[in-house]
Amino acid sequence: MGTTRLGRSRVEVGALGFGAVGIGNGMDRAVSDEVAHGAVRAAWDAGVRYFDTAPHYGLGLSERRLGRALAELPRGGYTVSTKVGRLLEPTPHRSGERDDQGFDVPAAYTRRWDFSADGVRRSLEGSLDRLGLDRVDLVLLHDPDDHWEQAVDEAYPALHELRSQGVVGAIGAGMNQARMLERFATETDVDAVLLAGRYTLLDPSAADTMLPACLRAGVSVIAAGVFNSGVLATDEPVEGATYDYTEASAEVRSRAARIAVVARSHGVALPGAAMAFAARHPAVATVLVGARSAEQAARNADLFARPVPDALWSDLVGEGLLRQEDLG
């Protein structure tokens, strides 16, 4: 896979990245250490060289598992990103309980929002310890939706300083909304933004103003959540599939099924179309896709590598399932 530099930094990412939510027992589904390790190795074997994680994912479990798998690989051969904004504080008295934020792990830590400069440094120090690394390549402000002022006034300057000192290679923000990421792209000097779920076949809303703004500003976009948490992840949308982490409505499933029919007529599987749609926008540097097993990681890479004819997008526009302006 070819690589692209993030913004004006020297940090490079491949066209397909590995999202490590699943190996942190995300979506309340536990996997073993061995299965998690196999997922990372399968992604590597398929050519994936960009790996993203966060303290939030499994209360540090994702970082620990990713670090153990990457320890077997050459450090100069991959790019790692993690996130700041949530500090993990030990709660040993709750270790017999389960986490209540979507991860099947013991509640041995609690998350505390902190976008202060000190919080950024403490969070990054904890991440490096869990990952077993002396540096990460990209650090992202994680979900500062309700913390804009502190994130911009305190956390962002701290990241800017760390980048200037060479401690990290690139900085940015990661969120599930486009509006605030557009502000980061236009009002700060970030290298990249990670956008989850807002540039997909079912919700291409970021194409309206955010992606063009990132192009103008020279800010790279990491497109995540391209399956909208599940409904676009299978060849045929199924009852009970999730859309943005809740059960997809019949209307959403019907729309996804119509897209699948058009994709299939061009020999393209629905998840392959979902990844290809995000990847084709000129603002997007990489598509970040999660996997919790070797089989999922290998299939994602295989589908991503398959060619997708331009006629597919034309037909989706013709069927009223996309707008021409959604295509970038």
Side-chain angles (χ1 to χ4, degrees), residues 1 3-21 23-24 36-37 39-41 43-44 47-88 114-144 151 154-174 184 188-194 219-222 224 285-286 288:
M1 296 183 187
T3 61
T4 301
R5 284 191 176 185
L6 295 178
R8 290 177 290 277
S9 77
R10 295 183 179 181
V11 174
E12 296 185 345
V13 293
L16 179 65
F18 179 94
V21 176
I23 66 169
H37 185 276
V40 177
R41 284 308 301 256
W44 172 270
V48 174
R49 296 294 183 267
Y50 169 45
F51 300 86
D52 173 75
T53 184
H56 171 53
Y57 304 156
L59 293 170
L61 179 63
S62 171
E63 290 182 319
R64 290 191 295 272
R65 284 175 163 173
L66 180 61
R68 286 195 292 269
L70 294 179
E72 302 173 355
L73 304 171
R75 180 61 186 95
Y78 57 81
T79 297
V80 177
S81 61
T82 192
K83 307 179 183 73
V84 296
R86 293 173 173 90
L87 287 176
L88 300 184
D114 191 335
F115 286 96
S116 68
D118 180 64
V120 164
R121 297 185 184 95
R122 287 175 57 197
S123 181
L124 182 56
E125 182 179 353
S127 289
L128 290 173
D129 182 63
R130 288 185 291 271
L131 285 162
L133 298 174
D134 61 0
R135 74 183 192 281
V136 291
D137 304 289
L138 168 65
V139 180
L140 300 162
L141 302 174
H142 199 186
D143 297 336
E154 300 180 42
Y156 164 70
L159 288 183
H160 193 284
E161 182 179 358
L162 289 170
R163 183 181 60 183
S164 298
Q165 295 170 343
V167 176
V168 300
I171 61 175
F184 275 109
T188 73
D189 185 31
V190 295
D191 302 293
V193 292
L194 189 160
V219 172
S220 298
V221 175
I222 300 165
T286 184
L288 191 65

Check: For residues 53-64, which residue pairs qualify under salt bridge (charged side-chain N to carboxylate O under 4.0 Å, His left out), counting only residues two or more places apart or in two chains?
Finding: Glu63-Arg130
Checklist line | Residue pairs fulfilling ring-ring contact (aromatic ring centres under 6.0 Å, His included) with at least one residue in residues 65-86, sequence neighbours excluded | finding: none
Next item on the list: Look up atom CG in Leu6 and atom CD1 in Ile222, then write down how far apart they are to the nearest 0.5 Å.
Entry: 5.5 Å
Item checked: Polar contact flag, side-chain donor to acceptor under 3.5 angstrom, Ser116-Asp114 -> yes
Check: Can you tell me how far the CG atom of Asp52 sits from the CG atom of Leu138, to the nearest 0.5 Å?
Finding: 7.5 Å
Margin query: Using a strict threshold of under 4.0 Å (side-chain N to carboxylate O), is an ion pair present between Arg8 and Asp189?
Written below: yes
Check: If you round to the nearest 0.5 Å, how far is CG of Leu87 from OG of Ser123?
Finding: 5.5 Å
Check: Given the rule in the side-chain contact (heavy atoms from CB on, under 4.5 Å) test, do Leu131 and Thr53 qualify, once you have shown the distances and angles that lead to the verdict?
Finding: CA-CA 10 Å; Leu131 285 162; Thr53 184; 4.2 Å; yes
Margin query: Distance check, rounded to the nearest 0.5 Å: Glu72 atom CD versus Arg41 atom CZ?
Written below: 5.5 Å
Next item on the list: Decide if atom CD of Gln165 counts as having more than 12 heavy atoms of other residues, nucleotides or ligands within a radius under 6.0 Å.
Entry: yes
Next item on the list: Could you go through the side-chain contact (heavy atoms from CB on, under 4.5 Å) check for Val11 and Asp191 one step at a time?
Entry: CA-CA 9 Å; Val11 174; Asp191 302 293; over 6 Å; no
Next item on the list: Compute whether any side-chain donor of one residue and acceptor of the other, for Arg86 and His142, lie under 3.5 angstrom apart.
Entry: yes
Notebook entry, point to check: Within the side chain of Asp137, is there an N or O that forms a donor-acceptor pair under 3.5 Å with the backbone of Ser81?
Noted result: no
Item checked: Carboxylate-amine/guanidinium proximity below 4.0 Å for Arg75 and Asp134 -> no
